[in-house]
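Input: a single structure, listed below in structure tokens.
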Protein chains: 2
Amino acid sequence: MKLDPRHLEILAAIVDHAGLTEGAEALGKSQPSVSRTLSQLEARIGAPLFQPGRRPLQPTELGRALADQGRAVLKAGQTSSDIVARYLTGHTGLVRVGGTPFFMDGVISGMIALFQQQMSDVRVDQSYGYAAELIEKLRNGTLDLAILPLQQNSVPKDLAFQPILAGLNVIACRRDHPLARKKFVTPGEMGQYSWIAPPADSPLYKDLRRALKNLGAEEFRISFSGGSLASVIEVLSESDSLTVLPYSVVFMMRDRSAITALSLEIGHPEREQGLLMANERDQTPAVRRFRSFVVSQFDSLSRRIAKQQTDRLWR
Amino acid sequence: MKLDPRHLEILAAIVDHAGLTEGAEALGKSQPSVSRTLSQLEARIGAPLFQPGRRPLQPTELGRALADQGRAVLKAGQTSSDIVARYLTGHTGLVRVGGTPFFMDGVISGMIALFQQQMSDVRVDQSYGYAAELIEKLRNGTLDLAILPLQQNSVPKDLAFQPILAGLNVIACRRDHPLARKKFVTPGEMGQYSWIAPPADSPLYKDLRRALKNLGAEEFRISFSGGSLASVIEVLSESDSLTVLPYSVVFMMRDRSAITALSLEIGHPEREQGLLMANERDQTPAVRRFRSFVVSQFDSLSRRIAKQQTDRLWR
DNA sequence: CCAGCTTCATAACACAATGCTATATTGCAC
DNA sequence: GTGCAATATAGCATTGTGTTATGAAGCTGG
């Protein structure tokens, strides 16, 4: 005997509210509707679910047992609704975010931590990669959001790009570095220090080469390479090495580690750090919420950076 | 967002069987049916429940979570079916059975115990009473089955009576009683013994009075009254008292206690022990099953009694 | 990389079930 | 009994389910 779970729900409501009318009210249905459903149910089962001709309505032993099951159905339905509601408001779900390693480690991961203080049920899958791979992953749907520096004119037409920060890279060194205090640094001065090389396929590495070329330094010595941000910062702050880092990374690290940026513009293309994503319409609510969170974080970060710049000018 | 529990069931089936076709099969539905239901569900929620364009079908995190709930619904439905099935086959339910005290205690309760060895989930509510009360209870629906001695012509027309045993009452005494061995007992012989009186409103008491009157003994001495069967048997077997009991009670007690019946017919109306009940059509399956069990038990009991009678003749 | 297979989606339609309002019936209390 | 409140029934519009037939799409093996 296959029973309709909705009928069990209705039975449970009737039993729990001790009456057809009140049960119907609780379910948001009309009294005749639940009355008929109850009749049908009893007819199908072939046994009364309530003591006949007794008011207030009192369930049969069988009715009580089935109402228990109906209660389970009701509960499942309720938690289903909750699950969906949490999902639709972005309080639940999965965000797959990828980006350039140093930026992710230096800037984004902190924001993720902050985000998850509010949205503890949103799972974040972080991955690392550069433009080509990230774009590929966005296209085949294995990534929701890419965070990377991009030139405005090189944004793929099938993807949306939302700038969040000027993509400024700088030369970084330890705070006590001999060059750190100089208002102007010449290429010659840099020549005597060794370099920490970012991964060879990274934009940073290209920027490093280009910068040195622009500054006239054809040759440069590499003392360390292949490390992730933590290693690079460590080596950087314990040696006189130099390296290229996004300015925002240096900025975020300024309190936690003893590094700083040289007062030296390195010429690189006009890029912007930004969020690259597929069609915004099929983003999950969690992704949207995460995205807007990140955007607002960068908004405040930009202001903090701007404020610090003016402070430095005044200094 | 209110979701149809049936949709959750279907979702669970699809997830569990890793496929729409197999899920449909498991549910006993056509593939297009579940396909459309799934589409509807996704449309209403506004989010995909399965990774789009991936085969084998793989659920979204959301889909998985909702499938869990669907599984709960499925389980509730299954146990509901079980509950109904057990009820319909009479393996579950309530049997309210009432009858004359001595017969219930001496004969029926043992059968109830036997019945419940097979039907452990059938609850039996036993009560005591005589014809008038039992009939009243049957009529107002607070009793399913009455077990009592009745003359065929005094069966209420609105009730059904099923005879199960000859309603023979006898005079009982302890097995070592001086009168026990006599083939023929005279009223005079009985006059010297005191009597244990059944409840004053019981048929047995009427029979006792009538019997003694028929036998010519106008006066009789009552030494004990008001006890239930256990007390009566106790007093009976420890004294020379006599009493009136249904023969079947004496028969059932013959191994457990040292009592027996006098070889003496006491004239009483032609009654039969039997089952009195309201319309058989609205009996619950458990009642029917209990009834048929009792009937079969009495069938075998009748045979055992008959056999013992012939044995006694041969002896 | 294409043929062929399997799986899923769509279409069209019959029919059962749900929902409603209006109204009759019934149980209970005074 | 009368009146009140609760439940049942009737009639009708709408939705949903189920079916078969058929089209589209992903996977697999040569």
Side-chain angles (χ1 to χ4, degrees), chain A residues 1-45 47-60 63 67 70 73-74 77 139-142 282, chain B residues 1-45 47-60 63 67 70 73-74 77 139-142 282:
Chain A
M1 166 101 29
K2 169 67 179 161
L3 302 168
D4 190 326
R6 289 174 306 170
H7 294 181
L8 297 176
E9 280 186 343
I10 291 174
L11 175 61
I14 297 173
V15 170
D16 289 349
H17 295 84
L20 254 174
T21 307
E22 313 217 341
E25 198 165 330
L27 290 168
K29 298 184 194 295
S30 68
Q31 172 268 318
S33 182
V34 311
S35 170
R36 186 180 39 190
T37 301
L38 180 60
S39 303
Q40 274 179 197
L41 193 53
E42 287 182 326
R44 281 187 205 177
I45 292 176
L49 265 18
F50 290 87
Q51 314 286 0
R54 273 266 171 294
R55 237 165 341 179
L57 236 44
Q58 210 164 356
T60 292
V73 174
L74 226 34
R139 286 202 175 116
N140 72 21
T142 56
D282 4 291
Chain B
M1 166 98 33
K2 169 68 179 159
L3 301 167
D4 189 326
R6 289 175 305 171
H7 294 181
L8 296 176
E9 281 186 343
I10 291 175
L11 175 61
I14 298 173
V15 170
D16 289 350
H17 294 86
L20 226 153
T21 307
E22 314 217 340
E25 197 164 331
L27 291 167
K29 300 184 195 294
S30 70
Q31 171 268 318
S33 181
V34 310
S35 171
R36 187 181 39 190
T37 300
L38 180 58
S39 303
Q40 274 178 195
L41 193 53
E42 287 182 325
R44 280 185 206 176
I45 292 177
L49 264 18
F50 289 88
Q51 315 285 1
R54 275 263 170 295
R55 232 155 350 170
L57 236 43
Q58 208 164 359
T60 292
V73 174
L74 225 35
R139 287 205 174 113
N140 73 19
T142 56
D282 15 285

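Throughout, protein chains are lettered first and strands after them, A, B, ... in sequence-line order, and every chain is numbered starting at 1.
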Heavy atoms from other residues, nucleotides or ligands near CD of Glu25(B) exceed 12 (cutoff 6.0 Å): no

Arg36(B) (side chain) and dG18(D) (base): donor-acceptor pair under 3.5 Å: yes

Checking contacts here: which listed nucleotide (dT19(D), dC20(C), dA17(C)) is nearest the side-chain heavy atoms of Lys29(B)? dT19(D)

For the base of dA8(D), is there a side-chain donor-acceptor partner from Gln31(A) under 3.5 Å away? yes

Students often get this wrong, so: under 4.0 angstrom with heavy atoms, is Pro56(A) touching a base, only sugar-phosphate, or nothing? nothing

Using a heavy-atom cut-off of under 4.0 Å over every strand shown, decide if Thr21(B) touches base, sugar-phosphate, or nothing. sugar-phosphate

What is the separation between atom CD on Glu9(B) and atom P on dT17(D), rounded to the nearest whole Å? 12 Å

Quick one: which of dA9(C), dC8(C), dA8(D) gets closest to the side chain of Leu20(A)? dA8(D)

When you measure only distances, ignoring hydrogens and angles, does the side chain of Gln40(A) come within 3.5 Å of the base of dA17(C) through a donor and an acceptor? no

Step through the shown structure and confirm whether more than 12 heavy atoms of other residues, nucleotides or ligands are within 6.0 Å of CD on Glu42(B). yes

Which nucleotide in the list dA17(C), dG19(C), dT9(D) gets nearest to the side chain of Ser33(A)? dG19(C)

Can you find an N or O donor on one side and an acceptor on the other, under 3.5 Å apart, linking the side chain of Arg6(B) with the base of dG16(D)? no

Closest to side chain of Asp4(B), choosing from dT17(D), dT20(D), dA17(C): dT17(D)

